[in-house]
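This report concerns only the one structure given below.
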Amino acid sequence: MEKHIPDCPYPGCFFCVMKEGNPNKRRASIMKFFRELPSQDDDGQVLPISGLWNTAMAHPNDPEFIELGIFECMSALIWKGLKNRRWLSHDQNIYIPYYAAHIIGSYTMNMEDFAETAVNAGVIPPLVELLRGRLTWVEQRVAVRALGHLATYASTFPAVASHGEILELCIQLAMSSLEIVYSHFYQYADRRLSYHCDLLTRGMGGVEMESRKAEEWASQLQCWSLQLINCFAFKPEFLSTICKPEFLVKLPGMWGGLVNENSPAGIGLLRTICHHKFGRGPVSSCPGVIESLCNIARSSDDWQYMAIDCLLWLLQDPNTFHKVIEKAAPAVLDLAEIQTLGDHKKLGDSILNVLQESINSTGNRNSISNRTQEDIESLLDSRERFKWEKSMPKEDLHIKQAAALVVKLEGNSLFSSGNIQAAALKYSEALSLCPVRSKKERVVLYSNRAQCYLLLQQPLTAISDATRALCLHNPVNRHAKSLWRRAQAYDMIGLAKESLLDAILFINECSNSMDPDLNCRQNKVPDYAERLVKKQMKAAWLFREAAVKHGGIDCEEGGGGGGGGGDGYGSDDSEWETASESDVGDGGRKEIGGNE
């Protein structure tokens with residue numbers, strides 16, 4: 001006869017079963033519990049389900065429950081919630097479909113054989129129903145997570161793909177997820193479903209905590225949808241469905257936000273699409289996508305290398321080269337000095353080789369403007385110049401370095417006196433004299449010239465020079481002054497996300513810098529940097545587009561573009577402070593180019 005804890009009034013209680021000392025009895029009782037639970041209508045069913053949820057997250061690779069029928073149980077519970085609304089609304093059963101789908105996702109996250117067992121147990125159809133939105137966005141989130149895990153394995157992807165609507169549903173969800181969460185939860189705090197609030201905060205927070213978690217979950221809903229689409233994108237037969245212009249143009253803007261920075265999101269999917277020739281054609285036909293790829297490639301985004309890969313593949317493809325060369329060339333030319341970016345070694349050499357092949361190809365020459373061809377040839381000449389310098393006597397190199405330094409100091413003097421245009425010309429002259437191998441000095445010269453172009457209201461040229469300085473710097477993308485100058489330039493043209501990322505990195509570099517002009521005194525963030533970060537966090541807010549559409553904010557509020565309006569540069573000279581000027585509000589005309 002089974003022994004039960006005297007205080008427990010429920011024979012067969014799951015928690016009592018788990019304490020059974022006899023392994024065989026324990027397994028048999030667990031199997032019985034999984035088999036009978038979906039047919040029971042007792043109160044308190046959510047308690048063992050939430051316990052299983054905790055176990056699945058803590059031990060996702062443990063095979064015990066897999067072998068005893070947990071997938072069949074969770075699948076049946078989801079179906080029950082979908083078909084029996086009376087049961088769903090009783091007690092706390094409203095939580096059960098969420099927990100059930102989450103448990104399926106956790107156990108299929110790492111183990112392919114678990115995923116195979118799940119598919120054989122019939123988990124896909126009820127998950128698809130949740131993905132359709134038969135309940136709410138909260139259940140959609142865990143359904144797309146679970147389906148995404150099943151789609152990552154070669155043995156279970158066909159089962160997912162056999163449900164043709166999954167891909168279309170995910171595309172629509174990726175485009176609409178932020179608006180769904182904003183309008184159904186975030187916008188009106190007094191209308192939020194209580195079980196949503198409980199799931200988001202585990203009962204540990206108020207309205208503010210709910211709102212922060214909603215932003216995180218909305219980002220996950222979008223990013224997990226993109227991850228599932230990415231599994232389909234590896235198969236050429238699905239690219240025609242994915243590569244619709246109205247979807248492609250939105251992908252670069254799907255970036256996960258600061259709350260989900262570990263996901264490659266839209267740029268990750270674009271990289272998969274561009275890896276295949278059937279994907280490169282549609283991408284190359286969307287000028288807005290190419291422009292966005294150039295912006296991401298030049299940025300300090302963690303996924304910068306993915307945008308660079310996309311541009312190089314598009315340039316190498318003879319069928320897409322002529323469509324993208326004029327937009328892509330300026331960006332890749334700015335990046336040609338990068339040596340290592342993450343796991344990418346000799347990336348600059350790869351860029352140069354692609355450009356070399358492009359101008360050597362007879363079929364490509366008619367597609368390249370004279371200006372672009374001259375810029376490419378100038379960069380290729382600098383590589384030859386670098387080789388030539390290797391054989392140059394040290395004395396001659398020192399003479400060139402000294403000459404460049406003299407001209408740079410002349411530029412600094414002109415800059416300090418307010419003659420910005422002449423200073424820019426002097427920095428250009430110094431760059432032509434400075435040895436290619438003198439990278440530290442060239443970083444300073446490019447950065448100084450970027451500051452000149454900022455003050456001359458030429459943000460695109462400033463971005464180009466700041467990017468070249470950041471590529472030359474060791475480590476890449478960590479030169480504080482160039483980060484700040486590019487952050488300001490991005491702000492001038494309305495690229496809030498790129499400006500925000502550079503401003504955040506600038507603050508990080510200031511806190512670690514040994515330069516007394518840059519170091520954040522007493523760990524205080526410079527006021528000018530704090531203002532820009534706050535401005536761009538408003539402009540790049542994950543829910544901004546949805547909030548504007550639904551009247552949550554005025555379309556002009558907190559804007560990041562153009563330098564007009566209340567946050568514009570014309571109304572606050574301190575916005576133009578250089579990174580070395582801290583609290584000095586002299587319009588940026590202090591010396592910026594000391595040899596670092």
Side-chain angles (χ1 to χ4, degrees), residues 252 267 290-312 315 326-342 344 347-352 354-355 372 375-376 378-379 382-383 424 427-428 431 434 436 439-456 458-506 509 532 536 578-579 592-593 596:
I267 186 61
I290 304 304
E291 185 174 342
S292 296
L293 285 173
C294 292
N295 291 332
I296 297 171
R298 282 189 177 113
S299 75
S300 53
D301 194 306
D302 288 342
W303 312 108
Q304 176 187 12
Y305 75 91
M306 291 189 171
I308 296 173
D309 283 346
C310 290
L311 293 175
L312 293 183
L315 289 170
E326 291 303 316
K327 283 188 176 291
V332 294
L333 285 166
D334 291 342
L335 299 162
E337 297 284 3
I338 292 180
Q339 287 306 305
T340 300
L341 187 63
H344 285 52
L347 184 57
D349 291 343
S350 299
I351 291 172
L352 286 169
V354 169
L355 294 173
T372 299
D375 289 343
I376 295 173
S378 174
L379 185 64
S382 70
R383 178 157 68 169
Y427 294 135
S428 298
L431 279 165
C434 186
V436 177
K439 292 187 176 182
K440 288 184 179 180
E441 186 62 24
R442 294 180 73 82
V443 167
V444 175
L445 290 169
Y446 276 123
S447 189
N448 288 0
R449 196 171 67 176
Q451 178 67 7
C452 292
Y453 288 130
L454 270 176
L455 295 175
L456 293 169
Q458 298 177 33
L460 295 178
T461 315
I463 289 168
S464 175
D465 272 0
T467 300
R468 293 188 180 214
L470 289 162
C471 291
L472 278 167
H473 191 260
N474 185 19
V476 171
N477 291 333
R478 291 297 183 271
H479 185 245
K481 294 181 181 180
S482 298
L483 285 167
W484 177 243
R485 287 155 191 171
R486 194 171 67 176
Q488 294 176 90
Y490 277 138
D491 180 56
M492 291 174 71
I493 60 174
L495 294 181
K497 182 195 83 171
E498 288 78 6
S499 178
L500 175 62
L501 293 175
D502 277 355
I504 291 172
L505 266 182
F506 164 71
E509 291 305 306
L532 186 60
Q536 304 303 21
T578 68
I592 62 172
E596 298 179 23

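- If you run side chain to side chain contact (heavy atoms under 4.5 Å, CB included) between Leu347 and each of Ile338, Leu352, Val476, only Ile338 comes through.
- The structure places OG of Ser350 at 9.0 Å from CG of Asp309, a figure rounded to the nearest 0.5 Å.
- Between Leu333 and Thr372 there is no side-chain heavy-atom pair separated by less than 4.5 Å.
- With rounding to the nearest 0.5 angstrom, the CD atom of Gln451 is 6.0 Å from the CD atom of Gln488.
- Asn477 and Gln304 form a side-chain donor-acceptor contact under 3.5 Å, judged by distance and modelled atom types alone.
- Here the closest non-hydrogen pair linking Arg449 and Ala424 is CD-O, 3.8 Å.
- When all heavy atoms of Pro252 and Ser292 are compared, the pair lying nearest together is CB-CB, 3.4 Å.
- Heavy atoms only, all atoms of each residue included: Ser382 and Val436 are closest at O-CG2, 3.9 Å.
- At a threshold of 4.0 Å, the pair Asp465-Arg485 does not count as salt-bridged, since none of the basic side-chain nitrogens sits closer than that to a carboxylate oxygen.
- To the nearest 0.5 Å, the span separating OG1 on Thr467 from CZ on Arg298 amounts to 6.0 Å.
- Between Phe506 and Glu509, the closest side-chain pair of non-hydrogen atoms is not below 4.5 Å.
- With a 4.5 Å cut-off on side-chain heavy atoms, Val443 and Arg468 do not count as touching.
- For the residue pair Cys452 and Tyr427, the shortest heavy atom distance occurs at SG-CE1, 3.6 Å.
- Side-chain contact check for Leu445 versus Cys434: some heavy-atom pair is nearer than 4.5 Å.
- Side-chain contact between Ile267 and Leu293: present, with at least one pair of heavy atoms (C-beta onward) separated by less than 4.5 Å.
- For the pair Met492 and Leu454, the minimum side-chain heavy-atom distance is below 4.5 Å.
- Using a 4.5 Å cut-off on side-chain heavy atoms (C-beta onward), Asp375 and Pro330 make no contact.
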Next on the checklist: If you apply the rule side chain to side chain contact (heavy atoms under 4.5 Å, CB included), what do you find for Leu341 with Ile308, and how did you get there?
Outcome noted: CA-CA 10 Å; Leu341 187 63; Ile308 296 173; 3.9 Å; yes
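- Between Trp303 and Ile296, every side-chain heavy-atom pair lies at or beyond the 4.5 Å cut-off.
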Next on the checklist: Does Ser300 form a side chain to side chain contact (heavy atoms under 4.5 Å, CB included) with Leu470? I'd like the steps, not just the answer.
Outcome noted: CA-CA 9 Å; Ser300 53; Leu470 289 162; over 6 Å; no
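- Not a single donor-acceptor pair under 3.5 Å links the side chain of Arg486 to the backbone N or O of Ala462.
- The distance from atom NZ of Lys497 to atom CG of Asp502, rounded to the nearest 0.5 Å, is 11.0 Å.
- To the nearest 0.5 Å, atoms CD1 (Ile504) and CD (Gln536) are separated by 10.0 Å.
- Annotation for Ser447 and Ala469: closest pair N-CB, 4.0 Å, computed over non-hydrogen atoms.
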Item to check | side chain to side chain contact (heavy atoms under 4.5 Å, CB included) evaluation trace for Lys439 with Gln339 | outcome: CA-CA 12 Å; Lys439 292 187 176 182; Gln339 287 306 305; 3.9 Å; yes
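- Closest non-hydrogen pair, Ile351 versus Val332, comes out as CG2-O, 3.4 Å.
- For the atom pair CG of Leu495 and CG of Asn295, the computed distance is 5.0 Å after rounding to the nearest 0.5 Å.
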